[in-house]
Amino acid sequence: MEKKRIEKEYNKKINELKKFNKAYFNDDNPVVSDKYYDNVKLEILNLEKKYKYLNNKNSPSKKVGYQPSNKFKKIKHLKPMLSLSNSFKQEDMKDFLSKISNFLNNKNLVIELSSEPKIDGISASLIYEQGLLIKGISRGDGIIGEDILQNLMTIKDIPKKIYGKNVPKVIEIRGEVYIGKKDFETIKDNFANPRNAAGGSLRQKDPRETAKIPLKYFAYGFGVINPMIFKTQSEFINKIKQWGFITNPHNKVVKNLQEIESQHKLIEEVRSTLDYDIDGLVFKVNNLDLQTRLGNTSNSPRWATAYKFSSEKAITKIEDIVIQVGRTGAITPVAKVLPVTVGGVVVSNATLHNEDEINRKDIRIGDTITIQRAGDVIPQVVSVDKSKRDKTSIKYIFPITCLCGSKTKKEISTSTKKEDAVRRCTKGYECSFTAREKLKHIVSKEAFNIDGLGKKVIDQFWDIKIIKIPSDIFKLDYNKIKNLEGWADISIKNLKEAINKSSTITLNRFIYSIGIRHIGQENAKILSSFFRSVSNFSSLFTQNKREKILNDLVQLDGIGDTQIKSIDSFFSNYRNIEVVKSLIDVLEIKNYKNSNKKGQFSNKNLMFTGGFEKISRSEAKSLTEDNGGKVLGTISKKLDLLVVGDSKPTKKKIEKAKELKIKIINEKDWYKLLNI
Ligand code: IVH
């Protein structure tokens with residue numbers, strides 16, 4: 001009896017530890033402090049020492065030690081580490097190429113691309129000064145990463161000193177840390193997949209622990225290089241290979257859609273024979289001058305894309321269909337399926353998108369279905385095997401009310417004028433289901449980015465009602481957390497610090513965070529440059545002021561009817577205003593600062609009409625912004641300069657500009673202003 005009790009207690013502790021490991025390594029969302037974690041580990045080891053019969057493959061005694069920590073020093077990247085846009089089919093790659101030639105305004109240009117396997121690992125940046133490795137930084141949120149130099153130093157593939165001629169004074173190498181598939185086999189009990197294993201090992205507080213894991217490194221890119229000595233990506237890759245970095249042997253330069261396709265096919269065929277996981281190919285414009293001209297959108301470069309391999313599929317059965325409410329109130333049907341492994345991950349939910357999709361595919365509860373999973377995207381239901389359907393299958397009646405009980409609506413799209421396929425709850429913060437999702441958005445990386453406060457913690461705090469609206473985050477009663485599972489003094493202290501830090505925020509991040517539908521990061525930036533301060537932004541709260549502002553917003557390039565309608569409807573809801581107001585009260589919101597004050601067009605409003613000979617409208621816009629200016633969509637007194645291109649300029653605009661005595665110049669003069 002006693003033996004049974006001890007075994008039970010022992011296994012309970014092991015399960016607890018497993019949960020902490022999952023939260024830390026898989027969800028990147030630690031739920032306990034280092035101290036608490038260590039205590040549980042110690043208790044397990046003591047029990048094993050005392051009672052020799054205790055044995056569990058998940059015991060820490062059988063594993064390399066790891067320890068959650070958020071003690072790494074934070075370092076700002078010299079240049080942001082961006083993500084990549086995704087392409088899934090030939091059509092997407094065709095689009096990618098035509099967008100590039102449109103942007104560069106040159107249809108006949110042969111665009112060479114560097115094709116590289118996309119390694120599924122953890123990215124890390126290495127900074128060398130005078131050839132010496134002096135910094136090693138994790139990606140973090142792309143802007144700020146963690147100082148993991150000591151851990152990176154343990155990786156054999158990473159040169160600690162670059163020997164060779166012409167090594168630039170400063171060079172930042174970027175690449176992927178990974179674990180070989182064979183090596184993973186030896187340590188796999190601890191982790192869900194090689195990627196998690198690489199991430200977990202890299203974030204060890206003690207580099208001696210990292211050293212025990214056979215980590216490897218592929219170098220594929222650069223951040224800062226000073227002085228710049230390369231003209232192409234392939235030249236860069238060849239040179240760093242000579243310097244001793246490991247580059248991928250399957251890198252290749254291609255120059256048209258056909259070659260892209262055949263390279264994609266070829267690598268997909270050899271994929272399973274490689275000793276590391278790849279989930280597609282990265283295609284990068286080879287010429288570095290063209291890369292600079294193409295520049296970036298807010299998250300990803302225009303000069304690169306990840307062409308993913310086709311997704312993994314599996315067959316399973318629908319046990320139930322439920323609905324989920326998203327942060328914009330979207331009602332999404334989700335199939336609860338018999339758990340099945342798809343590409344190494346156990347899947348028990350698959351999205352059904354919307355009501356129309358269920359009807360079109362005639363999907364019923366009890367059906368045998370094929371699901372697919374690609375990358376981080378939520379698994380989807382691809383098809384139904386109707387031959388396997390029996391009488392017990394149940395047709396799903398799509399609810400017309402939200403989980404909160406209020407009526408849902410299908411909106412009319414401003415662009416297509418057709419009814420949306422998605423039903424929405426329009427209650428905003430009044431709907432507790434929408435509100436909870438909005439909170440998860442608020443704490444996300446691109447928004448407030450609060451360390452240690454992820455989706456899981458929002459759920460935990462929501463359940464005990466200590467966070468209901470965003471401002472609650474900044475007024476947390478930490479006494480109520482103390483006794484919660486997974487919280488201890490250290491983790492509470494860290495959380496306090498992280499929340500405190502996040503309470504100072506830029507205006508654009510703030511606008512993005514409040515979760516107005518159709519207002520993404522780019523739109524939020526445009527709006528913040530328009531409003532400039534949170535007090536101006538607050539004018540949207542009053543109806544008559546709002547109408548006037550919304551009229552003015554039309555002139556902003558990038559803000560259309562869809563956005564204006566959405567801002568209007570967001571602030572027409574009184575509860576939304578209340579929630580936003582209370583959030584403003586607890587924050588310090590920094591005024592918009594034009595980061596290019598010294599630019600040629602600083603604080604100037606420009607407008608273009610007519611096509612240019614040398615560059616596209618998009619490039620003209622990005623050049624204007626890079627030089628501190630803003631591009632307007634309509635003519636008003638606020639305009640400082642109208643630039644007229646030779647190809648089909650709008651006469652009316654020129655006339656109106658003359659009437660308002662606005663300076664008008666042509667394409668050539670505009671280049672002169674920019675010294676290009
Ligand atoms: S280039 C600005 N090249 O994929 C783009 N990334 O989704 C910089 N990755 O964070 C990335 N192999 O961790 C690039 N050959 C490769 C890559 C690669 C893997 C990862 C990298 C990046 C992510 C983007």
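The shown structure was predicted, so the numbers you read here are calculated from the model rather than taken from an experiment. Ligands are counted one by one from 1 in listed order, and the atoms in each one are counted from 1 as well. For the single chain, residues carry numbers from 1 onward in sequence order.
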Residue portion contacting ligand 1 (non-hydrogen atoms closer than 4.0 Å) for [X]:
| X | result |
| --- | --- |
| L84 | both |
| E176 | side chain |
| K284 | side chain |

Ignoring angles and geometry beyond distance, decide whether [X] reaches within less than 3.5 Å of ligand 1 through its nitrogen or oxygen atoms.
| X | value |
| --- | --- |
| I119 | yes |
| S83 | no |
| W303 | no |

Y512/H441 aromatic ring centres below 6.0 Å: yes
Flag the pair F230 / F222 as yes when their ring centroid distance falls below 6.0 Å, and as no otherwise. no
Are any of the heavy atoms in [X] under 4.0 Å away from ligand 1?
| X | value |
| --- | --- |
| G221 | no |
| M81 | no |
| S300 | no |

Can you confirm if the NZ or CZ of K161 lies within 45° of the ring axis of Y163 and under 6.0 Å from the centre of its six-membered ring? yes
Atoms of ligand 1 under 4.0 Å from any heavy atom of P117, numbered from 1 in the order shown, are 12 (N), 15 (N)
Per-atom contacts of ligand 1 with P301, taking only distances under 4.0 Å to non-hydrogen atoms: 2 (C)
Can you confirm whether the side chains of N102 and K107 place a donor and an acceptor under 3.5 Å from each other? yes
A side-chain contact here means heavy atoms from C-beta on lying under 4.5 Å apart; do I516 and I514 qualify? yes
Protein contact of atom 7 (O) of ligand 1 - nearest heavy atom, named by residue and atom, plus distance: K118 CE, 3.5 Å
Atom 10 (O) of ligand 1: the protein heavy-atom neighbour that sits closest, reported with distance to 0.1 Å: S123 OG, 3.8 Å
Distance in Å, N151 CG paired with T210 OG1, rounded so as to fall on 0.5 Å steps: 3.5 Å
Expected output: side-chain Y128 to main-chain K135 donor-acceptor under 3.5 Å: no
Return yes if some donor-acceptor pair links the side-chain N/O of Q263 with the main-chain N/O of Q258 below 3.5 Å, else return no. no
With H264, which of Y307, F283, F88 fulfils ring pair (Phe, Tyr, Trp, His ring centres under 6.0 Å)? Y307
